[in-house]
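Below is one structure; the comments refer to it alone.
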There are 2 protein chains.
Amino acid sequence: MLTDRQQQLLDYLRDYHSETGLMPSTREIQNHFGFASQTAAVSHLRALEKKGVIQRVAGKARALVFPEELEREEIVDIPIYGHIAAGMAAEAEQEQEGCLSIDISSLGIPRNAKTFALRVRGDSMIDAHIVSGDCVVLEFREPRNGDIVAALIDGETTLKRFVIQDDQPYLQAENEMYPDLTPARELIIQGVMVALLRRGEGKVA
Amino acid sequence: MLTDRQQQLLDYLRDYHSETGLMPSTREIQNHFGFASQTAAVSHLRALEKKGVIQRVAGKARALVFPEELEREEIVDIPIYGHIAAGMAAEAEQEQEGCLSIDISSLGIPRNAKTFALRVRGDSMIDAHIVSGDCVVLEFREPRNGDIVAALIDGETTLKRFVIQDDQPYLQAENEMYPDLTPARELIIQGVMVALLRRGEGKVA
DNA sequence: TTCCTATGCTTACAGACCGACAACAGCAAT
DNA sequence: ATTGCTGTTGTCGGTCTGTAAGCATAGGAA
C-alpha cells in the first residue's frame with residue numbers, strides 16, 4: 001500500500017514521536033531526509049494523509065496525528081508492585097516492577113480510581129480461577145462482602161475473598177487446602193480486585 | 001499540589017489533546033481563557049512544568065508533552081470480535097465489539113504480531129482457569145503442541161487446547177465433561193492464545 | 001502510441017504563527 | 001519582606017505552513 005519512500009517517512013514520524021512525544025515540522029523532515037526543500041516533505045505528508053495513515057490539521061504547527069491514537073480510549077498507567085505490597089498502606093511508594101498501561105473501558109473502572117497491580121504467587125485462589133503468575137489489578141477502596149481483596153497479614157500481602165458473617169469480617173481462601181483467616185486484631189485491606197491479566201497461557205501441565 | 005487555575009489549565013490541555021491529538025499553542029490558550037496576552041499562558045505553562053505535570057521543549061511549536069505519555073510503552077490496539085469469529089479466516093473484517101488497547105510489554109508479544117481478541121462463552125476451558133466472560137487475546141500464527149487455540153468448527157469458534165498425538169492433531173477441552181474433538185476434515189486454527197483479560201472479578205457464587 | 005495520473009523531487013516567496021523576553025503590578029501567604 | 005501566583009503591554013525574530021511553477025520517471029488506460 002505504501003511505497004518504500006512513504007514507509008520511510010512514516011517510520012521517521014513514528015520514531016520522532018515515540019522519542020520526543022511531538023511530531024516533526026516539515027523542515028525537520030526536510031533536514032532528516034536531506035531534501036532541498038520542505039515542499040518535498042509536505043507532498044509526502046499529503047500522500048500519507050490520502051492513504052489514511054496520518055491526519056493533518058491545516059494551518060497548525062506540527063499538526064500530524066496518527067488516526068489510531070485519536071480513536072483510542074483514554075489510557076491509564078497502573079504501577080505493578082511486586083508480590084509484596086507491605087508498606088503500601090503507609091503510602092510510601094516502593095519498588096515498582098513495571099507498569100501496566102491499558103484503556104479504561106477495557107478495565108471498566110472510573111478514570112480517577114486509584115489502582116495498582118500485584119503479581120499473584122501461590123494457588124490459594126485457584127478455585128476463583130486465579131493462578132500463580134497472574135497479574136491482578138486492584139482498586140483502592142472499601143471492600144464489599146464477597147469482594148476479592150489484597151490484605152496485609154503478618155507483613156505480607158495475600159489475595160483472599162473478603163466475607164462478612166455476623167458483622168464479623170474474615171478472609172476466605174478459594175482453595176479447600178487453605179484455612180479461613182480470622183483477623184487477630186485489625187484487617188488491613190489494601191485494595192479490591194477489579195481485573196486480572198494473564199500473560200502467556202497456562203502451558204500443558 | 002496544583003492551584004485551581006493551574007488545574008484548569010491542565011484540564012484544558014488534556015481536553016484539547018484528547019479531542020484533536022495536538023497540544024494548543026500559547027495563543028490558543030490565551031484565547032480560551034480570555035487572557036489579554038500569551039505571556040499569561042506561558043507563565044502558567046512554566047508553572048505546570050516546574051510541578052512536573054507537563055514537559056516543554058524550548059523553541060518548538062505546540063511542544064508540550066505529558067510525562068506519562070513519554071514513559072509509556074508502545075500501545076497496541078487489539079480488535080475484539082464477538083464470540084463468533086466465523087469469517088475471520090476469510091480476512092473479512094466483521095463486526096468489532098470494541099477495542100482493547102494495552103502496552104506491548106505487558107502482553108509479551110512482538111509489536112508486529114497480528115492479534116485479535118475474543119470473549120469466552122461457556123466453561124469448556126474451566127480447568128485451564130478460563131471462565132465465561134474472559135477476554136482472550138490471540139495471535140495469528142501456527143499452533144504448537146499444547147497451545148490453547150481458537151479453532152473454527154462447524155461455523156463456530158471454540159477455545160480448546162491443541163494437541164498433537166501420533167502426528168494427528170486434535171482439540172482437547174479442559175473440562176472433563178467435554179469430549180475431545182478430532183477434526184472430521186481439516187482443522188482451521190484462527191489464533192493462538194497469548195493473554196487473558198478478566199474484567200471485574202468472579203463474584204461470590 | 002499517446003494521454004493521464006501518481007510519485008518524488010526542485011526553487012522561490014508570502015505571511016501568519018509562535019515562542020521568548022523585558023518590564024511592570026496587584027495580591028496572598030509565609 | 002520575600003516568594004509564588006496571576007496577570008498586563010509591547011516587541012522581536014525565528015518557525016512553520018501554504019502556494020505557485022516546474023522537472024523527471026514510471027505505469028496504466030485509451
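Proteins get letters first, then strands, A, B, ... in listed order; numbering begins at 1 in each.
Going from atom CD of Gln30(B) over to atom P of dT6(D) covers 17 Å, rounded to whole Å. Rounded to whole Å, atom C1' of dA16(C) lies 17 Å from atom CZ of Arg62(A). Nucleotide dA25(C) holds its C1' atom 16 Å from the CZ atom of Phe35(B), rounded to whole Å. Rounded to an integer number of Å, the gap from Met23(B) CE to dG19(C) P is 12 Å. What separates CD of Glu28(B) from C1' of dC18(C) is a distance of 10 Å, to the nearest Å. Rounding to whole angstrom units, CD of residue Gln7(A) and C1' of dG8(C) are separated by 17 Å. Atom CG of Asn31(B) and atom P of dC17(C) are 11 Å apart (whole Å).
Legend: residues meeting ring-ring contact (aromatic ring centres under 6.0 Å, His included) with Phe162(A), ordered by chain and number and at least two apart, are absent. Under the side-chain hydrogen bond (donor to acceptor under 3.5 Å, both in side chains) criterion, Glu71(A) pairs with no residue, sequence neighbours left out. Checked against side-chain hydrogen bond (donor to acceptor under 3.5 Å, both in side chains), Thr115(B) has no partners two or more places apart in sequence or in another chain. Ser43(A) pairs by the side-chain contact (heavy atoms from CB on, under 4.5 Å) definition with nothing, not counting sequence neighbours. The side-chain contact (heavy atoms from CB on, under 4.5 Å) test applied to Asp180(A) returns Tyr170(A), Gln172(A), not counting sequence neighbours. Qualifying ring-ring contact (aromatic ring centres under 6.0 Å, His included) partners for Tyr178(A), counting only residues two or more places apart in sequence or in other chains: none. Ser101(A) is linked by a side-chain hydrogen bond (donor to acceptor under 3.5 Å, both in side chains) to Asp77(A), counting only residues two or more places apart in sequence or in another chain. Annotation: side-chain hydrogen bond (donor to acceptor under 3.5 Å, both in side chains) contacts of Arg5(B) (sequence neighbours excluded): Gln8(B).
Within the structure, every side-chain polar atom (N or O) of Ser43(A) is placed at least 4.0 Å from both OP1 and OP2 of dG8(C). A sub-4.0 Å separation between OP1 or OP2 of dT15(D) and a side-chain N or O of Ser25(A) is absent. Residue Thr26(B) places none of its side-chain N or O atoms closer than 4.0 Å to OP1 or OP2 of dC18(C).
Here Ala40(B) lies in heavy-atom contact (under 4.0 Å) with a base.
Classification of the His32(A)-Tyr12(A) ring pair by plane angle, with boundaries at 30° and 60°, yields parallel. Between Tyr81(B) and Phe116(B), the ring planes are tilted. Angles from 30° to 60° get that label.
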Report each atom pair, protein N/O against N/O of nucleotides 20-22 of chain C, whose distance is under 3.5 angstrom.
residue	atom	partner	partner atom	Å
dA20(C)	OP1	Gly59(B)	N	3.0
dA20(C)	N6	Gln38(B)	NE2	2.4
dC21(C)	N4	Thr39(B)	OG1	3.2

Under-3.5 Å N/O pairs linking protein and nucleotides 2-5 of chain D:
residue	atom	partner	partner atom	Å
dC5(D)	OP1	Lys51(B)	NZ	3.3

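Screening residues 37-57 of chain B for salt bridge (charged side-chain N to carboxylate O under 4.0 Å, His left out) gives Glu49(B)-Arg56(B) as the qualifying pairs, with residues at least two apart or on separate chains.
Screening Leu138(B), Leu171(B), Val149(B), Leu118(B) for a side chain to side chain contact (heavy atoms under 4.5 Å, CB included) involving Leu159(B) leaves a single residue, Leu138(B).
Comparing the axis of the opening five pairs of the helix from dT1(C)-dA30(D) to dT30(C)-dA1(D) with that of the closing five pairs yields an angle of 40°, rounded to 10°.
For Ala61(B) and Gly34(A), each mapped to the nucleotide of DNA chain C holding its nearest heavy atom, the one lying further toward the 5' end belongs to Gly34(A). Between Asp4(B) and Ser37(B), the residue anchored closer to the 5' end of DNA chain D is Asp4(B), taking for each the nucleotide with the nearest heavy atom.
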